[in-house]
Each structure stands twice: as C-alpha cells, then as structure tokens.
Peer 1: 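A single structure is presented below for examination.
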2 protein chains.
Amino acid sequence: MQRNDRKPPTIKDVAARAGVSVMTASRAINGKALVSPSARQAVARAVEALGYVPNASARALAGSADRRVALLHSNSTTSAYLGELLLGALAEAPQRHLHLVVEQCAPGASAQEVVDQVAQAHVAGVILPPPLCDWSELVDLLTQRDIAVVAIAPDRDGPDRLSVGTDDRHAAYDLARHLIDLGHRRIGFIEGNPRHRASARRLQGFRDCLADHGIAVDDALVAAGDFSFRSGLDAAELLLGLATPPTAIFACNDDMAAAAITVAHQRRLNVPGDISICGFDDTPLASAIWPALTTIRQPIRDMSREAIGLLAMRFRSQDEGSGDSIAAVKLDYQLIRRQSDAVPARH
Amino acid sequence: MQRNDRKPPTIKDVAARAGVSVMTASRAINGKALVSPSARQAVARAVEALGYVPNASARALAGSADRRVALLHSNSTTSAYLGELLLGALAEAPQRHLHLVVEQCAPGASAQEVVDQVAQAHVAGVILPPPLCDWSELVDLLTQRDIAVVAIAPDRDGPDRLSVGTDDRHAAYDLARHLIDLGHRRIGFIEGNPRHRASARRLQGFRDCLADHGIAVDDALVAAGDFSFRSGLDAAELLLGLATPPTAIFACNDDMAAAAITVAHQRRLNVPGDISICGFDDTPLASAIWPALTTIRQPIRDMSREAIGLLAMRFRSQDEGSGDSIAAVKLDYQLIRRQSDAVPARH
DNA sequence: CTGAAAGCGCTAACAA
DNA sequence: TTGTTAGCGCTTTCAG
C-alpha cells in the first residue's frame, strides 16, 4: 500500500488481475469482438481498480494503428483561431488513435519545401487551415505522396477532397434576413479580401437574401474591403458618406464591423439607434467593443475535431480497401445576437 | 528508385548504410560521448542520405527518457492566450524529449478530482497557466504526488517553485514612465481584478514610477475594475467625469483600455489629442480598434517554451540526483507604441 | 570505443 | 473464445 506507484500499471498487470491472458485483455480493452462477456467484465474491473491507461507509444509502435497526423499552419492565422483549432484536434486525436503533431511552415517556403518538411514528420495525414488549404500546389504534392489532406474552411470543396467547414453563403443569408426582419431595406455590405472565396460566398448569400425579399441590390452599397480594420474604416467612411446612407451595415468580418462602429461614432451616429452594424466570425473582439457585435459564430473547435474524425475514417477505409466515404462536412453556424443591431430609425 | 518509400527508414537502415552497428548509430544520433569521429560522421551522412528521423514512440518506449508532461487549462483563459501557450509548448516539447498532452480541467472539479485526472494521464510534470497556477491546493496535491509543476505568470513565485513570467511591476513602471516622459502629470489608473495579483503588481509599478518622478498619486485617479470591458466602461466614466479629469489613462489591460476609448469618444474627446489611453497585454484587440493601443506585450509563446525547458531541467537534475536548479525565470516584455498616446494638450 | 542481447508495452498473426 | 509467438524501433544493460 505504498503512496507512490513508481511505474504505471501495464496491460500485464491488468491481465494478471483479471485472470486472463494479455491478449484477451488487449482485445477487451479495445472493444474488439470475440471476447466473452465474463472476461470483458473482469478486465474492465481490473482496469478500473488499477487505474490502467494504455501506453500510447507502445500502441503506436506495435500496431500500425496509431498514425501521426499534422496540423500544419502558417503564421498568418490569428492565434485565437489556431488555439481553437488546436484544442479541438488535441482533444479528438487520442480518441481516434491518432498522434497529433503541430508543424509551422516557414514564411517564404515553396510548396516542395513544405511537403518535405511534412514528410520528415512521418505523418499519414495533414490538417490544413486557411489559407494553406487553398494552396493547390501544396495539396496536390501532399496527395501525390499519399498523405491524406483535410481542408478546414477551404474556398471550394472539390469532389474527393476531405474538408470541413460551414456554409458561409447560408450564414450570410441568415444574417441578412435578420436585418431585413428588423425592418432594414437599405443595407450596406463591406466585402472581405477578394482573394478569399469566403468573402464572395458571404456576398452571394447577402445578395440572394435581398433578392428573395424583393429588395434591389444597390451596388453603391457594396464597399470593397480586405478583412482588415483599416479597410473597414475606409469602406464605412464611404458608405456613411453617401447621400442616402444605409440604415444597416453587414461587414464581412468582425474587424471591419468594429471599424464601421468607430466611423459611425466619429460621425456622431448612435449604434444601433441610428445604424445597425453586424460582423462575422465572433472573434473575441466582437464582445470587447461597445456596442458588442451581433455576428455569426463558426464552431472552429468542432471543425478540427471533425477533421481528425475524417482522417481517422479515411485511414480506416484505406486499411479495409473500401472506397472513400463522405468527403465534405458542413457544421452549423450560429447567429449571435448582441447589441449592435436594432430596428431602423423612423425617417 | 521508387517514388513512394512505403516505410520510413529505421535506425537499422542508417547503421547498415554507415557500416556500423545499430548501437553506434544510436549513440551517434543522440550525440553521446564514446563514439569515434569517423563513425559519427558516417552515421551523420547516412542519416542525411536516408532522411532518417527517429521514431518518437519507439524512443519513448525503450528508454525512460521521454516523459509526458501536461498543459492543464481551465476554460477561463482566452483561446488566443491558450493558443500561444500551446504553440510554444508544442514546439519545444519534442526538442526536450518530452511528450506534451493537453488536459482541460472540468469547470466545477475539486482539486482532488483534477489531480486524479492528471495522474491518470501518467504525466511527470504539469504546466499551469493562470488562474490554475494560483490554486495552491492543486499545486500542493500535485507536488505531493511527485508531479513537477511549473507556473505560468503566477501571482507570486515562491522559493522552490518552478515558474516563468514577466515582471509586471517593472513593465507597468516603464509604461507609466513613457506617459510621464510625454509630459503627463495627471494620470488615471484603471485597476484589474483585485483577485489577480498581477493587477496589484501593475498598480505598484505605476505608483512607484510616479513617486520616483515626484508626482503625488491622487487616489481619486485610481478607479476599480476587474479586467472586463464592462468594468472599464464604468471606470472610465468615473475618471472622465472628474472635475479635473486626467490627461492620460493607464488601464490594466487592453479590454479596459478599449472601453476607456469608447467612453472618451462618447464624450466627444479625441484620443490621443485630448486624452492618452494605454493598455496592457497586447491582445489582438489592441490593434483592432481605433486608435490602436499603445500597450505592453508579454512573450506568451516563449513562456510556455521556457516552462517546458524548466521541466526538462528538473527531470534531468532529478535523474542525476543533483539539487534543483534555477526556479523562476523572468522574460522580457515589450512596450508597443501605437496611436493611443500623445503629449498632453495645452490648457 | 564498439557490439550483442534483451526488453520496453502492446498488438498482428497464427494456432488451440 | 482464448492463448502463444513474434516483433514494432529504439535504448539499455553488459561484454568485448
């Protein structure tokens, strides 16, 4: 009855305590078939009593079951985004018997160099957050090397391409409808970086919604932007400087929405009294400004969780030689209503 | 010359190619002594040619060298902070031959429960970010179980306690001095959560600086807060509503500084023309508002990197039976000057 | 300085 | 349904 168990219990200890062979213990622990209920129970009890936890290294070494997968990132995403991604992946990986490694690709590296780096890591799969997931040269090279790729929120999901994301168009549609339901008819839109397809999809959802509600889209109300706060300032300046300014602004991300609020305040406009302003993404910024932003939240953590799941599934079907399974999963977004929107002021 | 090397090369391949035994290869690869220069070189060449990378699992399984360490977090820190911490730790751990696992402790769990959870993970050490690092019951329990603990930015670093952080007092002193150098004499201060010692240390640095410059601290200029945006609003309201308002405000974090800017704008004050406002932490928020905040940046990623280093060092000295080494490391902070500060307006 | 043997904890494959 | 044998890739003995 010593306080400090120097060594953690091994499967041998479990087997001994359960009165079965190591193999039976192994099978029971891994939930395989072909184990009698009684043995299964005995093992379960032993595991419980000993506080046994399988040794991941040994498992990886023995079977070819545990594979390594990498979360490859450039330094261009924010650490909040990356943090969420990491948390999801780190939580899911062990459950799927995958080892997660994190790789950062060097700033100026060529696709070939990045692939070499990944290959060095002996990974069987890679999770690619934006903007990496849209670097087709990289994706192709990886695929050629038989490394599975799953894209997080890619610009477009090709067939036979593993991806997870949300439906930007649909989310934008919903947000636009929210504004319309409030009574807005002149709604300004601040575009994101034209190189990101997400921006185009959001605009599309916005346009579709207006069209469906019989509202003509005034092109003067669609201002260019690039997702940066700075660009949001200019766009909002333009929109609010119009002869007939909009009663609401739909910004393609929170940063630009925050900028729009800043401009509104500079112009002595009350938000949301005089003008409603909505964002997209629900970054921490959204709730750290006043008024807090009504915005769309994407389940980032769940995305990487799903990504790991997709990889695990792909490996399984590879092993079984069966055809590929589901390729693109779409997760639900959420409209977060805070204080930056309201019914339009009477004229 | 096949395209797809099915299996990665093992140490056997390296040894064969170098014309030495597996053991010599192992020793050479790990930089151990007792290897002839010629052998060492041959192995190095073989490694290079084969693109050999040691298999971490096998290494962990064979030696007792690789230990597991956990980054334990509650869900109370922001994901940006956690993300940075993760990136630092994930990058450093393999280099130190440590396996990093990430554990989230359940919201309402007792210290005992959390320790049990950690023990389950077979870790030899734990990295504790705030506020976990200040939960002394937890730290004690962990220590009793012979699990090394390193605290990230703890409220106070005891002797014999591994910790890494920055010098809050000193950083606050520097920021205050920056304001004084600009010409400010009436400087408001917005406190953080009184339960966080960091808040007190920042106030102390602020006071010390004023004292050193012969400026009396007017207690009316020190407003309570709790690090939240909301509390910053109230504090700023109070400060700016004073008969003789300050010409500058030093907020204990960026969120409250952002709030102060909001209030200033509501009162038709120009920032920084009419009033300078500084933050602390350099969160993404700092550069996503207008004007962008002058603030203090803490090297969060480096902190977790250092934390891993401390653990590795501790293990090494444990193994060698030597006494404990350096316990508390302080990292350099940085004063980031942006657009929220300026010389005070003439009266 | 170098090498051979043994085994880390676990699981495929094969028997029983 | 169960147990046995072998071996994953590496490092630790312990002998050369």
Side-chain angles (χ1 to χ4, degrees), chain A residues 5-43 46-47 50-68 94 97-99 120-122 124 315-316 319-320, chain B residues 5-43 46-47 50-68 94 97 99 121-122 124 319-320:
Chain A
D5 312 305
R6 273 276 147 246
K7 292 277 173 201
T10 76
I11 198 172
K12 262 187 189 160
D13 303 321
V14 173
R17 197 171 214 279
V20 298
S21 77
V22 181
M23 242 355 268
T24 305
S26 169
R27 282 192 271 254
I29 289 165
N30 292 301
K32 301 259 177 126
L34 306 185
V35 182
S36 68
S38 61
R40 199 180 289 283
Q41 223 178 57
V43 171
V47 166
L50 266 36
Y52 167 79
V53 177
N55 178 319
S57 296
R59 201 176 244 174
L61 191 52
S64 57
D66 287 51
R67 316 200 195 206
R68 287 161 62 94
H97 290 222
L98 294 179
H99 278 322
Q120 278 269 319
H122 292 312
F315 296 148
R316 186 143 13 106
D319 295 343
E320 293 169 359
Chain B
D5 312 304
R6 272 277 147 247
K7 292 277 174 200
T10 76
I11 198 171
K12 262 187 190 162
D13 303 322
V14 173
R17 198 171 212 280
V20 298
S21 77
V22 179
M23 253 340 284
T24 305
S26 170
R27 282 193 271 256
I29 289 164
N30 292 303
K32 301 258 176 125
L34 305 184
V35 182
S36 68
S38 62
R40 198 179 290 281
Q41 223 177 60
V43 171
V47 166
L50 266 36
Y52 167 78
V53 178
N55 178 321
S57 296
R59 196 177 250 173
L61 190 51
S64 57
D66 287 51
R67 314 201 196 204
R68 287 162 62 97
H97 289 227
H99 278 323
H122 292 312
D319 295 343
E320 292 168 359

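Side-chain atoms are counted along with the backbone in the values below, which use heavy atoms only and exclude waters and symmetry mates. Throughout, a chain's letter reflects where its sequence line sits, starting with A, and its residues are numbered from 1.
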Peer 1: Please tabulate the protein-to-nucleotide N/O contacts below 3.5 Å involving nucleotides 2-4 of chain D, giving atom names and distances.
Peer 2:
{"residue": "D:dT2", "atom": "OP1", "partner": "A:Ser36", "partner atom": "OG", "Å": "2.7"}
{"residue": "D:dT2", "atom": "OP2", "partner": "A:Ser36", "partner atom": "N", "Å": "2.7"}
{"residue": "D:dT2", "atom": "OP2", "partner": "A:Ser36", "partner atom": "OG", "Å": "3.4"}
{"residue": "D:dG3", "atom": "OP2", "partner": "A:Ser21", "partner atom": "N", "Å": "2.9"}
{"residue": "D:dG3", "atom": "OP2", "partner": "A:Ser21", "partner atom": "OG", "Å": "2.8"}
{"residue": "D:dG3", "atom": "OP2", "partner": "A:Thr24", "partner atom": "OG1", "Å": "2.6"}
{"residue": "D:dG3", "atom": "N7", "partner": "A:Arg27", "partner atom": "NH2", "Å": "2.8"}
{"residue": "D:dG3", "atom": "O6", "partner": "A:Arg27", "partner atom": "NH1", "Å": "3.4"}
{"residue": "D:dG3", "atom": "O6", "partner": "A:Arg27", "partner atom": "NH2", "Å": "3.3"}

Peer 1: Round to a whole Å and report the spacing from CZ of B:Arg59 to P of D:dC10.
Peer 2: 8 Å
Peer 1: Without decimals, in angstroms, what is the distance between B:Arg68 CZ and C:dG9 P?
Peer 2: 14 Å
Peer 1: Using five pairs at each end of the helix from C:dC1-D:dG16 to C:dA16-D:dT1 to define an axis, what is the angle between those two axes, to 10°?
Peer 2: 30°
Peer 1: Write down the distance between NZ (B:Lys12) and P (D:dC10), rounded to a whole number of angstrom.
Peer 2: 10 Å
Peer 1: Measure from CG on A:Asn30 to C1' on C:dG9 and round the result to the nearest Å.
Peer 2: 12 Å
Peer 1: Ignoring hydrogens, what is the shortest heavy-atom contact between A:Ile11 and A:Tyr52? Give both atom names and the distance.
Peer 2: N-CE1, 3.5 Å
Peer 1: If you take all heavy atoms of B:Ala60 and A:Ser57, which pair is closest and at what distance?
Peer 2: CB-OG, 3.5 Å
Peer 1: How close or far is atom C1' of C:dT2 from atom NZ of B:Lys32, stated in whole angstroms?
Peer 2: 14 Å
Peer 1: Could you pull out every donor-acceptor pair under 3.5 Å between side chains of residues 25-34 of chain B and any protein atom, sequence neighbours left out?
Peer 2:
{"residue": "B:Asn30", "atom": "OD1", "partner": "B:Arg59", "partner atom": "NH2", "Å": "3.0"}
{"residue": "B:Asn30", "atom": "ND2", "partner": "B:Ser26", "partner atom": "O", "Å": "2.9"}

Peer 1: Provide the closest heavy-atom pair for B:Ala39 versus B:Val35 in the form atom of the first, atom of the second, distance.
Peer 2: CB-CG1, 3.9 Å
Peer 1: Just the rounded figure in Å: distance from C1' of D:dC8 to CD1 of B:Ile11.
Peer 2: 14 Å
Peer 1: What is the separation between atom NE2 on A:His99 and atom C1' on D:dG9, rounded to the nearest whole Å?
Peer 2: 13 Å
Peer 1: For A:Ala18, give me all partners under side-chain contact (heavy atoms from CB on, under 4.5 Å), at least two apart in sequence or on another chain.
Peer 2: A:Val20, A:Ala42, A:Val43, A:Ala46
Peer 1: Can you run down the side chain to side chain donor-acceptor pair (under 3.5 Å) pairs that involve residues 8-20 of chain B, sequence neighbours left out, and say none if there aren't any?
Peer 2: none
Peer 1: Run the side-chain hydrogen bond (donor to acceptor under 3.5 Å, both in side chains) test against A:Thr24 and tell me which residues pass, sequence neighbours left out.
Peer 2: A:Ser21
Peer 1: What's the CG-C1' distance between B:Leu61 and C:dG9, to the nearest Å?
Peer 2: 5 Å
